[in-house]
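First the proteins, then the strands, lettered A, B, ... as listed; each starts at 1.
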Amino acid sequence: MPELPEMENYKILLNELIISRSITSITINRDKSINMPAQSFINQLNNASIVQVERRAKHLLFHLSNQKVLLLHLMLGGWMFYGSEEEKPKRTIQVQLSFGAKHLYFIGLRLGYLHLLTKEECNKMLSDLGPEPLEPQFTEEIFLNILKERKGTIKLKLVDQHFISGIGNCYSDEICYEAQILPMRKLEKLKETEHRKLYRSMLQTLKSATTIGGYMEHPLYVGDKKTGSYDERCKVYDREGEICPRCKNKIVLIKISSKKCFYCPGCQF
DNA sequence: AGGGCAACCCGGACGC
DNA sequence: TGCGTCCGGGTTGCCC
């Protein structure tokens, strides 16, 4: 569920909150969330500090002072909260990193994980990911070129992490809506003007969602007004039966390859 | 290469 | 309130 804008928002906020602060204790409530025996994990993290938080696709990389990397993927429904013991959400917490009196809580890690890796191991884990859509070097011409080599359903391509990384089920629908293109159409049947429109809609949607904090429903800390502001701006995702803000038709839900897909039959072609 | 599908996992929502 | 049931959804791997 958390996609590029949500993770980018987390990255920006965490870079303000936890940089250079020593990890004073670590609590593992779910062994499956990490990639080694809990005691080894704890021993390696204790007293380390987080030098920088980086994002790659839907992953966050916590770069540590001991040259290791904590690689986070929230998968479905994972989220984070930063605050004191009293502020702690009343949810099951899988992993907790403490920075003195403040703690970073990892919540909802079912299939999600927090792996402690060397830089080499981390690079290897991420080596199959496609380009970052918001990197300046990912130009419209490069996008058009990779589209020319590909066939298939637009929505399935947009969520394919080998093709472009960071887009998931929500933003793929929002991007198609913005581009006024039906998500079930085939890439190879689009005109070049539609390819260009898809690129511009992709950048516009991801940028504006990132700027206003993504659609993540839980704030990162008490008083966090930024995280989640995009939720009400989603035009089609999870809005079956609601009125399209552009043409007043009703939003439709279909399945594409067992994925939920929302679109407007009135103004997407 | 694209597409379909099962498996992974379990908190939380929902029904009674 | 309490218990049982079921669902969601990104990713991987396997098959056609």
Hey, quick one: are A/V236 and A/I212 part of the same hydrophobic cluster, counting side-chain heavy atoms closer than 4.5 Å, chains of contacts allowed? no

The salt bridge (charged side-chain N to carboxylate O under 4.0 Å, His left out) partner of A/R200 among A/E140, A/E178, A/E194 is A/E140

ring-ring contact (aromatic ring centres under 6.0 Å, His included) pairs touching residues 35-69 of chain A, sequence neighbours excluded, are A/H59-A/H73

Contacts satisfying salt bridge (Lys or Arg N to Asp or Glu O under 4.0 Å) that involve residues 144-166 of chain A (not counting sequence neighbours) are A/K155-A/D173, A/K157-A/D160

What residues 152-177 of chain A contributes to the DNA chain B interface at heavy-atom separation below 4.0 Å is A/G152, A/T153, A/K157

Next item on the list: Look at A/E240 together with A/K250 and state whether they make a salt bridge at an N to O cut-off of under 4.0 Å.
Entry: no

- Is a salt bridge present between A/E8 and A/K11, judged by a nitrogen-to-oxygen distance below 4.0 Å? yes

Applied to residues 170-202 of chain A, the ring-ring contact (aromatic ring centres under 6.0 Å, His included) test, sequence neighbours excluded, yields A/F143-A/Y199, A/Y171-A/Y215, A/Y171-A/Y230

So ring-ring contact (aromatic ring centres under 6.0 Å, His included) across residues 12-33 of chain A, not counting sequence neighbours, yields none

Quiz item: Are A/T227 and A/D224 close enough that a side-chain donor and a side-chain acceptor fall under 3.5 Å?
Solution: yes

Q. Tell me, do A/L60 and A/M80 make a side-chain contact under 4.5 Å, heavy atoms counted?
A. yes

Rounded to 10°, the angle between the first-five-pair and last-five-pair axes of the helix from B/dG2-C/dC16 to B/dC16-C/dG2 is 40°

Touch class at under 4.0 angstrom, heavy-atom based, for A/K32 against every strand present:
sugar-phosphate

Can you confirm whether the side chains of A/R185 and A/T153 place a donor and an acceptor under 3.5 Å from each other?
no

Sequence neighbours excluded, the answer for side chain to side chain donor-acceptor pair (under 3.5 Å) partners of A/R110 is none

The answer to which of A/W79 and A/R30 contacts DNA chain B further toward the 5' end, by nearest nucleotide, is A/R30

Note: contacts of residues 88-97 of chain A with DNA chain C (heavy atom, under 4.0 Å) are none

Applying side chain to side chain donor-acceptor pair (under 3.5 Å) to A/E141 and not counting sequence neighbours gives A/R196

Contact span of DNA chain B against chain A, any nucleotide atom under 4.0 Å from a heavy atom, 5' to 3', runs B/dG2 to B/dG12

In short, ring-ring contact (aromatic ring centres under 6.0 Å, His included) pairs touching residues 234-256 of chain A with sequence neighbours left out are A/Y237-A/F262

Pairs under 3.5 Å (N/O, protein and nucleotides 6-8 of chain C):
unit_1 : atom_1 : unit_2 : atom_2 : d
C/dG8  : N2     : A/R110 : NH1    : 2.2

